[in-house]
Amino acid sequence: MNEQPWIAMDEYLCDRTQVPDETLEAALKSSTDAGLPAINVAPNQGKLLQMLAQLRGARRILELGTLGGYSTIWLARALPADGTLLTLEAVDHHADVARRNIERAGLSSVVSVIVGDAVDTLKAFVRDGIPPFDFIFLDADKKSYPDYLRLVLRLSRPGTVIVADNVIRGGRVAEVDSDDLDVIGVRTFFDMLAADTHVSSTAIQTVGSKGWDGFSISIVS
Ligand code: SAH
Ligand code: DHB
Ligand code: MG
């Protein structure tokens with residue numbers, strides 16, 4: 001598939017809808033310099049996340065999968081000064097890079113990076129009875145999306161918005177007989193959404209600088 005026109009189009013759209021942002025660009029550069037994979041959301045996707053959180057009026061945000069903190073910065077900018085964003089990351093080195101980027105962005109007072117397997121951290125949150133989140137972004141390992149959904153629903157309340165990244169995977173998620181654990185994870189995630197009468201969902205395919213993928217959006221009732 002020739003992705004060139006998608007990339008040119010994304011560049012045009014970002015140029016016309018965003019102002020150059022040194023903090024976000026520095027976050028990407030420091031991530032690349034530190035050897036992190038370039039699997040962050042695209043700039044226009046990051047801004048969509050921020051706008052969705054803003055539309056929700058989110059005061060408490062949960063993110064699964066921090067990487068270098070690029071999407072974290074977008075989301076945290078949607079928060080009021082006394083807001084909270086907890087972001088969960090398994091890899092120490094990723095968390096270190098992210099904390100530096102979040103500090104540079106002036107967001108350390110609202111963001112906490114929590115290192116560990118997200119399933120363990122979420123179980124601890126449920127056990128501790130922490131307050132529910134207004135907006136949740138799932139973007140850690142895709143094979144665990146079913147576990148993540150089960151747990152984050154226990155950290156939600158009516159009106160909580162759940163966005164899950166990478167639910168298209170270049171169209172592979174439509175393959176019924178896939179033995180790819182990520183694809184199976186995303187398909188099971190969609191089965192759970194379909195069966196849950198307290199969650200209203202949609203999912204959108206995207207093309208652009210990050211290839212062919214997409215995200216789901218759910219509202220808890
Ligand atoms: N949200 C980031 C990209 C996240 S990439 C952005 O758009 O900027 C996915 C991240 O999830 C990686 O940093 C990876 O280390 C982390 N991850 C993978 N498995 C995990 C797990 N079980 N628990 C927590 N984080 C995990
Ligand atoms: C992968 C993970 C992501 O979160 C993403 O946006 C793109 C790719 C991956 O693990 O390949
Ligand atoms: Mg992603």
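The structure displayed is predicted, hence computed values, not measured ones. Numbering of ligands and ligand atoms starts at 1, following listing order.
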**OP:** Quick one: the OD1 of Asn166, the Mg ion (ligand 3), OD1 of Asp139 angle, rounded to 10°, please.
**Re:** 90°

Per-pair distances, ligand 1 N/O vs protein N/O, less than 3.5 Å:
unit_1, atom_1, unit_2, atom_2, d
ligand 1, 1 (N), Gly65, O, 2.8
ligand 1, 1 (N), Ser71, OG, 2.8
ligand 1, 1 (N), Asp139, OD2, 2.8
ligand 1, 7 (O), Val41, N, 2.8
ligand 1, 7 (O), Ser71, OG, 3.3
ligand 1, 7 (O), Asp139, OD2, 3.4
ligand 1, 8 (O), Ser71, N, 3.2
ligand 1, 8 (O), Ser71, OG, 3.3
ligand 1, 13 (O), Leu67, N, 3.4
ligand 1, 13 (O), Glu89, OE1, 2.7
ligand 1, 13 (O), Glu89, OE2, 3.3
ligand 1, 13 (O), His94, ND1, 2.8
ligand 1, 15 (O), Glu89, OE2, 2.6
ligand 1, 15 (O), His94, ND1, 3.2
ligand 1, 19 (N), Asp141, OD1, 3.2
ligand 1, 22 (N), Asp117, OD1, 3.4
ligand 1, 22 (N), Asp141, OD1, 3.2
ligand 1, 22 (N), Tyr148, OH, 3.2
ligand 1, 23 (N), Ala118, N, 2.9
ligand 1, 25 (N), Ala90, N, 3.1

**OP:** Would you give the length of the straight line joining atom CG of Asp15 to atom CD of Gln18, rounded to the nearest 0.5 angstrom?
**Re:** 9.5 Å

**OP:** Quick one: closest heavy-atom pair of Thr206 and Gln45, and the distance?
**Re:** OG1-NE2, 3.7 Å

Original post:
After noting the C-alpha distance and the side-chain angles of Ile184 and Asp182, does the key distance pass the side chain to side chain contact (heavy atoms under 4.5 Å, CB included) rule?
Top reply: CA-CA 5 Å; Ile184 293 168; Asp182 291 339; over 6 Å; no

Original post:
Any ion pair linking Asp21 and Arg77 (charged N to carboxylate O, less than 4.0 Å)?
Top reply: yes

Original post:
In Å and rounded to the nearest 0.5 Å, what is the CG to CG distance from Asp141 to Asp117?
Top reply: 7.0 Å

Original post:
Closest to the Mg ion (ligand 3), which N/O/S atom of Asp165 is it?
Top reply: OD2

Original post:
So, Lys143 and Asp180, do they make that salt bridge, N to O below 4.0 Å?
Top reply: no

Subject >> Step-by-step side chain to side chain contact (heavy atoms under 4.5 Å, CB included) determination, Ile61 to Ile136 >> reply: CA-CA 6 Å; Ile61 298 178; Ile136 300 174; over 6 Å; no

Subject >> Presence of salt bridge, Lys123 and Asp120, under 4.0 angstrom >> reply: no

Subject >> Six-ring centre of Phe133, Arg60 cation under 6.0 angstrom, axis tolerance 45° >> reply: yes

Original post:
When you check the gap from the basic side-chain N to the acidic O, do Lys29 and Asp33 get nearer than 4.0 Å?
Top reply: yes

Enumerate, one pair per line, all nitrogen or oxygen atoms of ligand 2 lying under 3.5 Å from a protein nitrogen or oxygen, stating the separation to 0.1 Å; write 'none' if no such pair exists.
unit_1, atom_1, unit_2, atom_2, d
ligand 2, 4 (O), Asp139, OD1, 2.8
ligand 2, 4 (O), Lys142, NZ, 3.1
ligand 2, 4 (O), Asn166, OD1, 2.9
ligand 2, 6 (O), Ile39, O, 3.1
ligand 2, 6 (O), Asp165, OD2, 3.3
ligand 2, 6 (O), Asn166, OD1, 3.0
ligand 2, 6 (O), Asn166, ND2, 2.8

